[in-house]
Protein chains: 4
Amino acid sequence: MSENDIIQEMLLNEDDDDQLTPKQRKILQAAVEMFAEKGYASTSTSEIAKHAGVAEGTIFRHYKTKKDLLYSIAVPMITKFAAPFFAQHFVRQVFNDQYSGYDELLRRLIHNRFEFAKENIPLLKIVLQEMAFQHEMQVKYKDIFTENVLPRFREVVDHFKEKGQIEDYPTETVIRLTITTIVGFLVTRFIIMPDYPWDDEQEIERTISFIMHGLEKA
Amino acid sequence: MSENDIIQEMLLNEDDDDQLTPKQRKILQAAVEMFAEKGYASTSTSEIAKHAGVAEGTIFRHYKTKKDLLYSIAVPMITKFAAPFFAQHFVRQVFNDQYSGYDELLRRLIHNRFEFAKENIPLLKIVLQEMAFQHEMQVKYKDIFTENVLPRFREVVDHFKEKGQIEDYPTETVIRLTITTIVGFLVTRFIIMPDYPWDDEQEIERTISFIMHGLEKA
Amino acid sequence: MSENDIIQEMLLNEDDDDQLTPKQRKILQAAVEMFAEKGYASTSTSEIAKHAGVAEGTIFRHYKTKKDLLYSIAVPMITKFAAPFFAQHFVRQVFNDQYSGYDELLRRLIHNRFEFAKENIPLLKIVLQEMAFQHEMQVKYKDIFTENVLPRFREVVDHFKEKGQIEDYPTETVIRLTITTIVGFLVTRFIIMPDYPWDDEQEIERTISFIMHGLEKA
Amino acid sequence: MSENDIIQEMLLNEDDDDQLTPKQRKILQAAVEMFAEKGYASTSTSEIAKHAGVAEGTIFRHYKTKKDLLYSIAVPMITKFAAPFFAQHFVRQVFNDQYSGYDELLRRLIHNRFEFAKENIPLLKIVLQEMAFQHEMQVKYKDIFTENVLPRFREVVDHFKEKGQIEDYPTETVIRLTITTIVGFLVTRFIIMPDYPWDDEQEIERTISFIMHGLEKA
DNA sequence: TATGAATGAGGTTTCATTCAT
DNA sequence: GATGAATGAAACCTCATTCAT
C-alpha cells in the first residue's frame, strides 16, 4: 500500500475523532467501487449495502444522506489531489535551487500525481464525473484551486518567465496548457485507455518534453 | 444559425423519413437542456415532459425508452464531432499542398471544432458525461475513432514525421498530445470556465503554437 | 344523501376544475376512514392504497405528499363547519324579527350543526385530532374564526345583551360558554359516547335550556 | 413545586420500588415535552434520546417499548385527574354540611382541577390526543370513570336534585353538562387559547354561575 | 397523434428495537 | 446500567413505462 492511496488512508484512519467501524469501512469501499462503475445517480443505496454486506439502514446511521456518502468520499479526494501544491517545498525548492528548471518541477509533479492517480482511479473517476453536477464539490474545488493551487503555480511560472525559460504567454495560459496536458495524460492513461500497453516512463518523459518545448521561449 | 448547430439541424431536419413533429422538437430541446444541466440519470421523463409542455406519454410515443431519447441526442453528436475527419479533403489537402504544414491542419481543425463546440455546449457536456457509463455510446465512439479518425490522423502525422516537421515520437503519442491539448482547450473554454474573459483568437493561436513547438523536431 | 355530507360533496364534485377520477374518490374515502380510525401519523400510505384498491403510486399522482392528502380532506371541513356563520341570514334574522330570542338562534345553530356533525363524524374526528399538530390547519381555523365567526357572533350577543336577555358577562365569555357547551355536546354525542342511547331531541332542548338559563339576566 | 405537578411527582418518586435514575428522569421529561408538541406517533425514540441526552438504547432499558413509555406517562395522569372523586371527603362533605350547595362543590372542583391542569398542560394534551387512539388508555379511563367518578358524581347530583336545587334533568345529562362546561373551560384556557389575557378568578366564577343558573330549578 | 391516469418496482430514508461491549 | 452500532421492516415518495380514451 502506497502513501498515496487515500481510500486506504480513510479506511485505516486512526484518529480518535473519526474512527471507522468495520461496517463503515465496507460501506465506503463498496460505494467507491460502485459510484465509479455506474455513477452516483445510478447506484442505489441498496446495491451499496448488498455489496458491503451490510443492512441498508447501516449506511444511514453513518451518512445522513446518500449525498453525504458521496461527499465524504469525493471531497477529501479533491483536497488530496491538490495537496502537493500546499506543500511548502513545492515552491521553495524552485527558488532555492538556481539550477533546477521548470522541467524539474514538471517531472516531480507528474510522477507524483501519476502515482496518486494510479492508486485512486475509481475516486478520480467519481470526482471527474460528479464535479459536473454537484454544486458543493465545485465550490470545494474552486476554493482549493484559487486559494492554494493557482497562487503558487503563478509564482512559479512567473519566476521562470522572468528567467526567460518560458515563453511570454499570459501566466494563466501557461498554467492552463500545463495542467491540461498533465490531466489529459492521466485521464487518457488511467480512464480512457487503461488497457493500452503503455510505456509509462517514456510517455511521462515525452509529455514533459512536449510541455517544455511547447512553452519554451522561441 | 450556423451550419454546426446540430440541435437545430436535428430539429429542422426535413428528410421525409424523420420529420419531427413540433412536440417532438420541444421534447428534444427540453431533454438536451436538462440532461446537460442535471445529468441523464438525474433527469426524470416527467420533468422533460413538463419543460417541453407535453404530456408524459408523448415522450414514449416518439422514443421507446428514456435511453433511446438519450441516444437519439448523443450518438449523432459523436458522429458530428468526428465529422471533419471523414471529409475527403481533410487529408487530401495535406498531401496536395506541399507548402502547408501541420500547423495549417491544426488551425483548420481547432477553428472548426471550436465553432462546433461553441454551438453545441450542452450536447458536448452530455456526451462527455454519459460516455463514462453508457456502453453503447462507448462502442459508437470507439468505432468511429478507430475506423475513421485514427487512420486518417495517423496518415497525416506520419506524413509530417517523414517530412521532418514533427519529432520522432510514436505516432499514437503525437495524436494523443494533439487531441488532448485541443480537447483540453475546448473543455476549459466552454465547460469549466465559460465565463472567463477569453481572447479566443489569441488563445487559439497560442494553443497551436504550443502544440507545434511541443512536437517539433529538436 | 344530505346536503351536509361534505365527503359526498367532495367526491361528487362536478366542477370542471376539480373533477375527481374514480380512483381519487376511493383514495379520499379510504383516507378519511383510516385517518379517523388510527390517526394521521399512524396511517401509512400503503394502507390507504390497499383500502382504496389502488396502487400506492396513484395516491402521489393526485396528492404530492401525504400531508397534502390530509389537508385536502381537513381544510374544507373547517370551512364547512363554520359555514352557517357566513350566511347572511344568520345574523339578519336575529335583528329583523323582534320576537325571536337567543334561544331561537341556538336552536337553529345546534340543529344545523348536529346534522352536519352526524354526517361527518370521521372528518370531525380528524380535524379535532390533527388541529393539535398541523400548523397550517390552525392557521386556517384561526383565520375563519376571527374573520367570520367571531365578529358575527359578537354582534348577535351584543344585540341580546342590549335587549337585556343575556347576563352582562363579557361578550367573549358568553361566546365561549355557548360554543363550549355546543361543541361539548356534539363531541360527547358523536365521538366519546356514540353508542349511548341518546334521546337527541330532548337532549338538544335540554342543552339549549341549560345555555339559556346559564346566561339569562339574573 | 405544587402538590399537583405529577411530572415532578413521578420524577422525584422515592419509593424503593420505582426509584428513577437521573437518566430515566430525563427520558420522561423529554418524552412528555415531545409527545405534547408533536404527538406520540410523530415523535421518534431517537429524538427523545437526543433531547434527554441519553443513548437510544437506554430508553429501552427502562421501557420495553415506545408504547410502554407513553403509558407510563399517560396512565397515571388519568388517575390523578380523576383523583378528587376518589377522596372520601369529596362526597361526604356534601352530605354533612346541610348549608353547602352544588356551587360550593363546583367551586372546589374547578379550582382544584384548574391548578392541576395549569401544572400539567403537556400531560393534559398528551392524554386528550392519545385517548382517541390508544385502546389501553380508553379502557383505563372508562374503568376509572364508571367505577369511581360516575357513581360518586351521581350520588351528589341526586342529592341536590332531591333538595330541589337542581333542575329535574336526567342525572347523566346534568353530569354531562357540568363536566363538559368545566373541561371545555380548562381546554380553552390552557390549550386552545393559553395566551389570551385571562382573568382567571372572574372567569371561574362566571363559569360556576353559568352552570348553576343553567341547572337550577325553573 | 396526443393525453394523463395508473401502475408497481424500486428509490432513499426512518424507526423501534436488539445486543455486544 | 449505559452505550451506540446494527438491523430490517416499513415508511414516504419517484419513476419509467403502459394504455384506454
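The shown structure was predicted, so the numbers you read here are calculated from the model rather than taken from an experiment. Numbers restart at 1 for each chain; the letters A, B, ... are given by sequence-line order, proteins then strands.
When all heavy atoms of C/Ile78 and C/Tyr141 are compared, the closest pair comes out as CG2-CA, 4.0 Å. Of all heavy-atom pairs spanning C/His135 and C/Tyr71, the tightest one is N-OH, 4.4 Å.
Both B/Lys23 and A/Gly57 lie close to DNA chain E; mapped to their nearest nucleotides by heavy-atom distance, the more 5′-ward contact belongs to B/Lys23.
In this structure, CD on A/Glu33 lies 11.5 Å from CG on A/Leu123, to the nearest 0.5 angstrom. A distance of 7.0 Å separates CD in A/Glu37 from NE2 in A/His51, rounded to the nearest 0.5 Å.
Geometrically, D/Lys66 engages D/Tyr40 in a cation-pi contact defined by less than 6.0 Å to the ring centre and at most 45° from the axis.
For the pair A/Ile27 CD1 and E/dT13 P, the computed distance is 14 Å after rounding to whole Å.
Listed in residue order, the members of residues 38-48 of chain C having a heavy atom less than 4.0 Å from DNA chain F are C/Thr43, C/Ser44, C/Thr45, C/Ser46. Of all the residues in residues 61-69 of chain A, A/Thr65, A/Lys66 reach under 4.0 Å from DNA chain E with at least one non-hydrogen atom.
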> Does the pair C/Glu56 and C/Ile48 meet the rule for a side-chain contact (heavy atoms from CB on, under 4.5 Å), with working shown?
Replying inline: CA-CA 8 Å; C/Glu56 202 170 351; C/Ile48 295 172; over 6 Å; no
> So D/Leu70 and D/Val75, side-chain contact (heavy atoms from CB on, under 4.5 Å) or not? Walk me through it.
Replying inline: CA-CA 8 Å; D/Leu70 172 64; D/Val75 171; over 6 Å; no
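Considering only residues two or more places apart in sequence or on other chains, D/Tyr63 meets the side chain to side chain contact (heavy atoms under 4.5 Å, CB included) condition with D/Gln24, D/Ile27, D/Leu28, D/Asp68, D/Leu69, D/Ser72. Partners of B/Glu47 under the salt bridge (charged side-chain N to carboxylate O under 4.0 Å, His left out) rule, at least two apart in sequence or in another chain, are B/Lys38.
A/Thr21 comes within 4.0 angstrom of the backbone, heavy atoms only, and of no base.
Where pairing requires Watson-Crick or G-U contacts shorter than 3.5 Å, the helical stems of DNA chain F with at least three consecutive pairs are E:2-21 with F:2-21.
For DNA chain F, the span of nucleotides reached by chain C at under 4.0 Å from its heavy atoms goes, 5' to 3', from F/dA11 to F/dT14.
In this structure, B/Ile126 and B/Met77 have side chains that are not in contact, with every pair of non-hydrogen atoms separated by 4.5 Å or more. Contact of the D/Gln129 side chain with the C/Phe133 side chain is registered, since non-hydrogen atoms from C-beta on lie closer than 4.5 Å.
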